[in-house]
Engineer: 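Mind having a look at this structure? Questions to follow.
Ligands are counted one by one from 1 in listed order, and the atoms in each one are counted from 1 as well. As the structure is a computational prediction, the values presented were derived from the model and not from experiment. No hydrogens, no waters, no symmetry mates; every other heavy atom, side chains included, goes into these values.
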Amino acid sequence: MFETHLGEDWARRNASEWAAGIESISDEALWRSHSLLRQKLIAFLRERVSRNQNGEGDAVKEPETQRLNPDALTIGFARRVAEYKRWALPVTDPARFLQLLHDADRPVQFVFSGKAHPQDQGAKIILQRVAKWAADPLLRDRVVFLEDYDQEIARQLVQSVDVWLNVPRRPFEASGTSGEKVAINGGLNFSVLDGWWLEGYDGTNGFAIGDLSEGETNADAADAESFYSVLEKQIVPLYYDRDADGIPHRWVAMMRRSIATLVPQFNSDRMVAEYAERIYLQE
Ligand SMILES: *Cc1c(COP(=O)(O)O)cnc(C)c1O
């Protein structure tokens with residue numbers, strides 16, 4: 001899509017040419033290509049989940065057609081399993097979490113993926129817990145957990161989710177590069193103001209959890225409250241606010257803001273060029 005609208009050398013546009021090019025893409029074109037990616041992701045997830053259940057070498061049984069909804073608000077959460085990443089934060093209040101998943105008109109679904117270091121017992125316990133509750137009959141159709149997070153799973157998720165969630169405990173996140181991968185693909189970030197999101201978030205290009213005034217003591221409870229309330233009051237209403245054409249125009253406007261403002265700053269070309277200029281090429 002960038003090639004079509006900005007030309008084959010789209011990656012070499014400066015920030016204002018880039019923003020103008022993104023502005024010129026219609027809501028319909030942007031939403032249609034993003035929705036197609038989400039639908040392909042759900043097919044990939046159904047296939048992976050049924051393969052995992054059968055074990056290596058078994059024939060893949062019928063795809064799990066009830067698992068996840070190709071048109072529902074899809075939130076991705078995938079990362080290393082480390083304590084400060086607070087894997088359990090979304091289920092701080094299980095009843096409130098279930099309510100979000102099972103809203104009949106505006107359902108929310110989650111994809112979790114992670115990998116624990118073999119020597120890290122604490123991380124393994126966290127993953128076992130996540131895998132167990134993802135299999136709970138109350139959650140099954142709205143939550144999937146993929147083992148062995150790797151580059152293929154990461155690629156599928158960052159290209160296709162509607163929202164990328166990151167809930168690190170401040171100030172431990174160095175960057176959170178996966179959110180940067182999501183931005184160029186049109187997904188919106190929903191994150192604690194730490195790491196790269198502290199620099200990238202401008203109030204119009206995604207969603208913030210908590211604010212910078214929280215002290216360290218109550219941060220877990222306050223961030224969980226903020227997670228639920230932003231999801232309930234901002235994200236879900238914006239996503240499901242559809243015009244007669246079925247397109248959530250205000251959501252698409254935010255996708256456009258996210259791509260236009262974040263991509264020129266947060267990309268590996270810029271990073272490598274800056275290392276070269278400021279460090280490697282110095283006398
Ligand atoms: C991007 C990526 C990471 C790093 O993600 P952070 O958000 O920086 O923690 C880890 N693993 C895989 C497979 C990735 O693609």
Engineer: Counting only heavy atoms not in Y84, do more than 12 fall under 6.0 Å of its OH?
Structural biologist: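 Atom OH in Y84 is crowded, with more than 12 foreign heavy atoms closer than 6.0 Å.
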Engineer: Is there any protein N/O under 3.5 Å from an N/O of ligand 1, and what does the full list of such pairs look like?
Structural biologist:
| from | atom 1 | to | atom 2 | distance (Å) |
| --- | --- | --- | --- | --- |
| ligand 1 | 7 (O) | T177 | N | 3.4 |
| ligand 1 | 7 (O) | S178 | N | 3.0 |
| ligand 1 | 7 (O) | S178 | OG | 2.5 |
| ligand 1 | 8 (O) | T177 | N | 2.8 |
| ligand 1 | 8 (O) | T177 | OG1 | 2.7 |
| ligand 1 | 9 (O) | K85 | NZ | 3.2 |
| ligand 1 | 15 (O) | K181 | NZ | 2.6 |

Engineer: Test: side chain to side chain donor-acceptor pair (under 3.5 Å). Region: residues 7-20. Which pairs qualify, not counting sequence neighbours?
Structural biologist: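 Side chain to side chain donor-acceptor pair (under 3.5 Å) check on residues 7-20 returns D9-R13, N14-S16.
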Engineer: Compute the ring centroids of F97 and F110, then answer whether they are less than 6.0 Å apart.
Structural biologist: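 Here the rings of F110 and F97 have centres that are less than 6.0 Å from each other.
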Engineer: Who passes side chain to side chain contact (heavy atoms under 4.5 Å, CB included) against D27, sequence neighbours left out?
Structural biologist: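 For D27, the residues satisfying side chain to side chain contact (heavy atoms under 4.5 Å, CB included) (neighbours in sequence not counted) are I247, H249, V252, R256.
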Engineer: Could you give all pairs that pass the ring pair (Phe, Tyr, Trp, His ring centres under 6.0 Å) test and reach residues 143-169, with sequence neighbours left out?
Structural biologist: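 Qualifying pairs, neighbours excluded: none.
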Engineer: Between W197 and F207, is the gap from one ring center to the other below 6.0 Å?
Structural biologist: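 No - the distance between ring centres of W197 and F207 does not fall below the 6.0 Å cut-off.
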